[in-house]
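This report concerns only the one structure given below.
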Amino acid sequence: MQTKKGQKGFSLIELLIVVAIIGIIAAIAIPNLLSSRKAANESAAIGSLRTINSAQATYLSIKGNNTNYAADLTALETEKLIDSALASKTKSGYKFDMTGKDGAYTASADPVSGSTGTRKFTTDETGVIKGDGSPIQ
C-alpha cells in the first residue's frame with residue numbers, strides 16, 4: 001500500500017492496543033459497577049421497609065384504633081401512607097410483601113434476582129429491620 005507524503009493516522013496495531021486497553025479497563029470496572037448497584041438496591045429495600053414501619057405506625061394511630069395494623073400494602077396506599085411503586089410490591093430490584101393481623105404485621109423484601117441483590121430483609125411491629133436474620137445497624 002502506498003502512502004502519501006505527510007499522511008497522518010493510526011496503524012492497525014495502535015488501534016488494537018487501544019481497544020485492548022479499553023477492554024481491560026471495562027473488565028475491571030463492570031464488576032464494581034454491578035456490586036455498587038446491588039448495594040444501592042439493598043439500601044433502597046431497607047429504606048422502603050423503614051417507610052412501611054412508619055406507615056404502619058401512622059395507620060395504627062389513625063385508622064387502627066391503636067389495636068390493628070394495616071392488613072396489606074394496598075391498605076397503606078389507600079390511606080396515602082406509601083407510594084404506588086411500593087404498593088405494587090416491586091421496587092428497586094426487590095419484591096415486597098406484607099401481612100397484618102391480630103395487632104401485628106410482618107413485611108419482607110426479597111431480591112427479584114441475584115443481580116439485583118443478595119440479602120433478604122424482614123421487619124415487624126417492633127420496627128427492627130433484619131437482613132438474613134441479623135438486625136441492621
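Note that the numbering runs from 1 along the sequence shown for the chain.
Hydrophobic cluster membership for I13: I17, I21, I25 (Ile, Leu, Val, Met, Phe, Trp, Tyr linked by side-chain heavy atoms under 4.5 Å, directly or transitively).
Shortest non-hydrogen contact noted between V112 and T116 is N-OG1, 3.3 Å. Contact record, A70 with Q56: N-OE1, 2.9 Å, taken as the closest heavy-atom pair. T51 and L86 get closest at one heavy-atom pair: CG2-CD2, 4.4 Å. For the pair K120 and P111, the tightest heavy-atom approach, listed with the atom from each and the gap, is CG-CD, 3.9 Å. Of all non-hydrogen atoms in E125 and A104, the two that sit nearest each other are OE1-CB, 3.4 Å. Across every non-hydrogen atom of S88 and A85, the tightest pair is OG-O, 2.6 Å.
One distance of note links OH of Y59 with CG of L81; it measures 9.0 Å at 0.5 Å rounding. Rounding to the nearest 0.5 Å gives a distance of 12.0 Å between NZ of K89 and CG of D110. With rounding to the nearest 0.5 angstrom, the CD1 atom of I82 is 12.0 Å from the OG1 atom of T58. Summarising the geometry, atom CG belonging to L60 is positioned 7.0 Å from atom OG1 belonging to T67; distances are rounded to the nearest 0.5 Å. Note that CG of L49 is 5.0 Å distant from CD1 of I129, once rounded to the nearest 0.5 Å.
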Per-pair distances, 0.1 Å, donor-acceptor, side chain in residues 91-102, under 3.5 Å, sequence neighbours excluded:
residue	atom	partner	partner atom	Å
K91	NZ	D83	OD2	3.3
Y94	OH	R119	O	2.9
T99	OG1	T106	OG1	3.3

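When the shell of 6.0 Å around NZ of K38 is examined, it contains more than 12 heavy atoms from other residues, nucleotides or ligands.
Looking at residues two or more places apart in sequence or on another chain, you find a ring pair (Phe, Tyr, Trp, His ring centres under 6.0 Å) between Y105 and Y69. With sequence neighbours excluded, the residues that form a side-chain hydrogen bond (donor to acceptor under 3.5 Å, both in side chains) with S113 are S115.
Listed by first then second residue, pairs satisfying salt bridge (charged side-chain N to carboxylate O under 4.0 Å, His left out) with a partner in residues 58-80 read K63-E79, not counting sequence neighbours. Screening residues 9-43 for ring pair (Phe, Tyr, Trp, His ring centres under 6.0 Å), with sequence neighbours left out, gives no hits.
The shortest side-chain heavy-atom distance between I52 and L73 falls under the 4.5 Å cut-off.
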